[in-house]
Student: 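Quick one: this structure, given as structure tokens, is what I'll be asking you about.
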Amino acid sequence: MNVASKLAGFAVVLALVFAGAALAGSQLDVHPGKTATEKPGMSAMDAPQPVRGLAVSEKGLTLELARRTAPQGNRFALAFRIVDGRGQTVRDFDVEHTKRMHLIVVRRDMTGFQHLHPSENADGTWSLPVTLPEAGTYRVFADFSAGQTPYTLADDIAVDGSMRSQPLTAPAGAVDVDGLRVALVEGATKAGAESELTFSVTRAGRPVALADYLGAKGHLVALRQGDLAFLHVHPDENRLKFMATFPTAGTYRLFLQFKTTDGRLHTAAFTQEVTR
Ligand SMILES: [Cu+2]
């Protein structure tokens, strides 16, 4: 590469940086690779944000937890509300994946995953009983849509006690959960490109029938190791197939949830290495 083209490349990078800065605070997302995977007719305005859940306040709304500490191993009321810029409680939420509010709770080392659906009280607060069995810092994600705009706001809850941090499980093609074998059959992931994640569920080598869960065959949450960035994932309605754009190379944890026809909910977690 000669000096001129290097300089030209540098100018492009600078232009992207300034474009990014100019768009900060709006819903637009600018990142390399987007144009390559963008669907025809899909403007940058419609593009899903690849990363959410890093902020307690975003796009004018704020997550207000009633408490940021919790007792270890004892059930407590996890309560919160969503407030707007004037401090007013937001009550108008869109239904997404059959619910108006999704709450994800996970310890900072990505253990102790819980996906919960709180109840809305008359005053607009949301609450539900939660037990956090281990000490440590937990990330609490409120995932919802308001005015057709998706939000994932997050804050921390600390549980006092002696904490034993768990190293992340090594990547594996299949995990066993509740007597079922869950395999990641399609999972080639590359940073910045839309990737397909497809899972199969078998028992003793035979396919297992699944019931619908939250309006699809399954639900997938993907979190990035380090900052626990929360990825937007699109489910396929007919099978355990999801489309996700991993914004950066690195290690991610996938939490797949699905229901068997006996009504039981299962959670299988996978460690996913995303390449450049
Ligand atoms: Cu949910």
Side-chain angles (χ1 to χ4, degrees), residues 48-56 58-59 61 63-66 70 75-82 90-107 110-121 124-132 138-157 177-178 182 197 199 201 210-224 228-244 252-261 263-270:
Q49 298 165 276
V51 165
R52 299 186 204 160
L54 295 176
V56 73
E58 194 182 32
K59 291 177 280 182
L61 299 186
L63 165 64
E64 271 191 14
L65 291 178
R75 211 153 79 131
F76 69 101
L78 198 168
F80 65 95
R81 62 187 190 128
I82 305 299
V90 177
R91 291 155 180 268
D92 215 4
F93 298 95
D94 310 320
V95 173
E96 282 286 324
H97 304 295
T98 74
K99 302 278 182 187
R100 295 168 72 234
M101 181 64 67
H102 303 263
L103 198 71
I104 303 291
V105 180
V106 66
R107 204 168 70 164
M110 300 205 275
T111 62
F113 175 90
Q114 296 187 52
H115 177 179
L116 308 159
H117 298 110
S119 318
E120 190 177 15
N121 306 309
T125 58
W126 295 85
S127 63
L128 79 167
V130 172
T131 304
L132 300 174
Y138 288 79
R139 197 77 175 142
V140 177
F141 299 95
D143 190 45
F144 60 93
S145 173
Q148 303 304 318
T149 301
Y151 292 83
T152 307
L153 307 178
D155 201 349
D156 285 345
I157 288 185
V177 56
D178 309 326
V182 185
L197 298 163
F199 302 85
V201 182
L210 301 180
D212 278 3
Y213 175 56
L214 301 175
K217 282 295 168 211
H219 188 272
L220 185 72
V221 170
L223 301 177
R224 180 166 63 187
L228 269 60
F230 189 106
L231 266 65
H232 182 82
V233 176
H234 289 287
D236 184 300
E237 279 167 30
N238 301 313
R239 54 198 187 110
L240 285 179
K241 176 185 159 187
F242 304 86
M243 301 308 290
Y252 293 76
R253 190 79 165 150
L254 311 176
F255 298 93
L256 171 71
Q257 295 188 290
F258 58 90
K259 235 178 202 175
T260 36
T261 49
R264 285 186 65 193
L265 181 65
H266 310 275
T267 303
F270 291 77

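Just so you know, ligand 1 is whichever comes first in the structure, and atom 1 is the first atom listed for that ligand. These numbers come from a predicted model, not from an experiment.
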Student: Measuring from Asp156:CG to Arg139:CZ, what's the distance to the nearest 0.5 Å?
Tutor: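 The distance works out to 4.5 Å.
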
Student: Just by distance, do the side chain of Tyr213 and the backbone of His266 share a donor-acceptor pair under 3.5 Å?
Tutor: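 Looks like no, no N/O pair under 3.5 Å.
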
Student: Return all protein N, O or S atoms below 2.8 Å from the Cu ion (ligand 1), chain by chain in residue order.
Tutor: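 As for protein N, O or S atoms lying under 2.8 Å from the Cu ion (ligand 1), they are His102 ND1, His115 NE2, His117 NE2.
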
Student: Measure centre to centre between the rings of Phe199 and Phe270, then say whether the value is under 6.0 Å.
Tutor: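 Under 6.0 Å, so yes.
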
Student: Identify which one of His219, His117, Glu96 satisfies the side-chain hydrogen bond (donor to acceptor under 3.5 Å, both in side chains) criterion when paired with His102.
Tutor: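 The option that passes is His117.
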
Student: Can you name the closest pair of heavy atoms from Leu210 and Lys217 and give their distance?
Tutor: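 Scanning both residues, the minimum pair turns out to be O-NZ, 3.5 Å.
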
Student: Counting only N and O atoms by type, is there a donor-acceptor contact under 3.5 Å from the side chain of Gln114 to the main-chain atoms of Thr131?
Tutor: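 Yes, the answer is positive, given that a donor and an acceptor are paired below the 3.5 Å cut-off.
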
